[in-house]
Amino acid sequence: MSTENEGTAVPPAPSAPPVPVDAPAASTPQASEAGAPTTPIPPVPPHASDGAQGQELVHAGPAPAYASAEGGAQQGASGAPHYPGPGPEGAWPPPQAPGTPLYADGGAGGAGGAWGSGYQQPAPKPKNGRGGLVAAVLVAALVAGGVGGGLGYTLAKDNDNGSSTTLSASDSGGSVKRDAGTVAGVAQKALPSTVTIEAESTSGEGGTGTGFVFDTQGHIVTNNHVVADAVDGGKLTATFPNGKKYDAEVVGHAQGYDVAVIKLKNAPGDLKPLTLGNSDQVAVGDSTIAIGAPFGLSNTVTTGIISAKDRPVASSDGSGSNASYMSALQTDASINPGNSGGPLLDAQGNVIGINSAIQSTSGGGLGGTSQSGSIGLGFAIPINQAKYVAQQLIKTGKPVYAKIGASVSLEESTGGAKITTEGAGGSDPVEAGGPAAKAGLKPGDVITKLDDHVIDSGPTLIGEIWTHKPGDKVKITYERGGQTHTVDLTLGARTGDS
């Protein structure tokens with residue numbers, strides 16, 4: 001599977017998800033009629049990977065992702081993949097964020113600003129040689145599974161001089177019936193609606209990932225980094241567990257969200273879309289089932305639990321393109337390169353997330369000469385967010401991001417998301433007439449909460465903003481001059497990744 005991103009640095013991830021303060025029951029964000037604005041993705045600071053030395057986040061699919069915010073400056077990072085974030089209007093894609101988690105198959109990032117929030121790249125800090133994750137954004141890596149898998153089976157030949165032993169099966173036992181609520185029952189029902197995706201660029205480069213049936217028209221949802229190689233004239237195929245293989249085309253892709261939709265050519269008429277669950281109702285400890293093609297081994301099923309929610313993750317495939325930011329579902333279900341884009345199911349078989357990245361030990365990402373694998377830290381894009389993005393891509397072919405119209409720093413240990421004094425490319429750090437300006441926010445203000453979610457860094461803010469839709473009203477808590485203030489803010493919108 002491809003859940004790791006390789007080579008791209010991502011901002012350090014907090015050791016624990018933001019802690020909600022008297023958080024009310026989560027509600028599904030509603031899209032604005034004007035289209036969902038996009039919040040610029042902030043680049044991940046180069047030093048972000050320092051806090052996660054010896055580990056990197058890898059994506060389970062083969063495509064680039066971004067991590068940048070409005071007005072963010074491009075950053076580089078060593079060790080962990082990162083995505084560039086968008087800058088203020090017109091500066092998309094966002095600059096890469098150092099320490100960004102990698103996609104299971106690999107991802108990319110860009111530079112930009114004016115997304116929900118922007119990042120200003122901080123100066124790199126010296127490594128302290130200590131392991132562990134730095135409070136900020138988890139660095140994940142996208143790992144792309146190599147086309148063809150790279151793993152094979154060897155059949156042993158008899159060397160017994162022609163002798164052989166015949167074993168007769170027992171006639172006892174009868175037929176085996178598997179209840180719908182069991183893992184076997186869920187897998188039996190879900191597998192026919194999953195596909196193994198192979199993406200190949202015009203130059204012959206590519207990787208393997210996973211996707212699942214979204215509707216009866218032949219639309220398949222997956223990760224952006226899984227299909228990125230095939231976006232500009234490349235080749236894309238989807239193979240079902242029964243062996244039937246279809247050519248496909250990219251309908252739309254969103255680097256910042258790391259979500260893409262492809263459509264099967266000459267799609268069969270008996271497609272059965274997977275049932276979508278409600279990721280807002282997921283609880284820590286809930287059972288999970290992941291389906292994918294780890295290391296090219298199609299139709300692999302693994303199980304685990306929800307280990308954490310609202311985990312700030314910035315991931316990239318290390319290709320130098322934009323990083324992706326998410327407020328992810330964390331699971332210990334085994335996810336490896338090639339799992340990217342596959343469904344994360346609950347115990348009833350409902351899709352609650354899209355497997356996208358994994359935290360992996362250092363040593364390279366999947367698709368490289370030294371591929372990393374699962375260590376029990378996998379990250380999935382919540383399905384409520386992915387569903388909204390997929391619907392936008394099917395409708396218009398372009399993603400829409402929510403934004404606040406201010407650039408924020410990616411630097412660690414700020415105690416929140418600090419609005420920078422200078423935007424990307426010399427632009428204003430607070431967009432004139434934008435949501436932040438209308439709410440009275442100014443350069444130097446430090447945002448500490450968005451509604452009831454604690455904000456400990458710029459990347460965390462971006463991930464939270466992107467769980468909303470343009471037009472949503474949120475409550476921003478910020479500090480200025482030692483005083484705490486709270487204001488209401490209506491999120492703006494940005495369309496497209498560039």
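You'll find the side chain of Leu271 stays beyond 4.5 Å of the side chain of Ser193, heavy atoms only. The closest side-chain heavy-atom distance from Phe295 to Thr300 is not below 4.5 Å. A 4.5 Å side-chain heavy-atom check between Leu274 and Val213 finds every atom pair outside the cut-off. Contact annotation: the side chain of Ile291 never approaches that of Phe212 to less than 4.5 Å [non-hydrogen atoms, C-beta and beyond].
In this structure, the separation between CD1 on Ile289 and CD1 on Ile305 is 13.5 Å, given to the nearest 0.5 Å. With rounding to the nearest 0.5 Å, the separation of CG in Asn224 from OG in Ser356 is 9.5 Å. Leu491 contributes atom CG, which lies 6.5 Å from atom NE2 of His468 (distance to the nearest 0.5 angstrom). With values rounded to the nearest 0.5 angstrom, Asp332 atom CG is found 8.5 Å from Leu377 atom CG. To the nearest 0.5 Å, atom CD1 of residue Ile447 and atom OG1 of residue Thr460 are 12.0 Å apart. Here the straight-line distance linking atom NZ of Lys395 with atom CG of Leu393 works out to 12.5 Å at 0.5 Å rounding.
With sequence neighbours left out, the side-chain contact (heavy atoms from CB on, under 4.5 Å) criterion links Asp346 to Gln348, Asn350, Ile352. Every residue meeting the salt bridge (charged side-chain N to carboxylate O under 4.0 Å, His left out) condition with Asp445, not counting sequence neighbours, appears here in chain and number order: Arg480. For Thr196, the side chain to side chain donor-acceptor pair (under 3.5 Å) partners two or more places apart in sequence, or in a different chain, are Ser298. The side-chain contact (heavy atoms from CB on, under 4.5 Å) test applied to Thr484 returns Thr477, Glu479, not counting sequence neighbours. Residues passing the side-chain contact (heavy atoms from CB on, under 4.5 Å) test with Thr396 are Lys398, sequence neighbours excluded. Contacts of Val250 classified as side-chain contact (heavy atoms from CB on, under 4.5 Å), with partners at least two apart in sequence or in another chain: Val227, Val231, Leu236, His253, Ile262.
Of all heavy-atom pairs between Thr448 and Gly415, the closest is CG2-O, 3.8 Å. Smallest separation of non-hydrogen atoms from Phe379 and Arg311: CE2-CG, 3.8 Å. Residue Gly277 comes nearest to Asn384 through the heavy atom pair O-OD1, 3.7 Å, listed as atom of the first residue, atom of the second, then distance. When all heavy atoms are compared, the tightest approach of Ala293 to Thr210 is N-OG1, 3.2 Å. Here the shortest heavy-atom pairing between Ser307 and Val284 reads O-CG1, 3.7 Å. Of all the heavy atoms in Val301 and Ala187, the pair that sits closest is CG2-CB, 4.0 Å.
The only option from Ile354, Val389, Ile381 that meets the side chain to side chain contact (heavy atoms under 4.5 Å, CB included) definition with Val221 turns out to be Ile354. The residue from Leu450, Ile476, Asp472 that alone fulfils the side chain to side chain contact (heavy atoms under 4.5 Å, CB included) condition with Leu489 is Ile476.
A donor-acceptor pair shorter than 3.5 Å can be found between the side chains of Glu464 and Ser327. Using modelled atom types and a 3.5 Å distance limit, the side chains of Thr288 and Thr331 yield a donor-acceptor pair.
Ion pairing between Asp451 and Lys475 fails under the 4.0 Å rule for side-chain N and carboxylate O.
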### Query
Given the rule in the side-chain contact (heavy atoms from CB on, under 4.5 Å) test, do Leu191 and Thr194 qualify, once you have shown the distances and angles that lead to the verdict?
CA-CA 5 Å; Leu191 276 168; Thr194 63; 4.1 Å; yes

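For Ser279 (side chain) and Pro382 (main-chain N/O), no donor-acceptor pair under 3.5 Å exists by modelled atom type.
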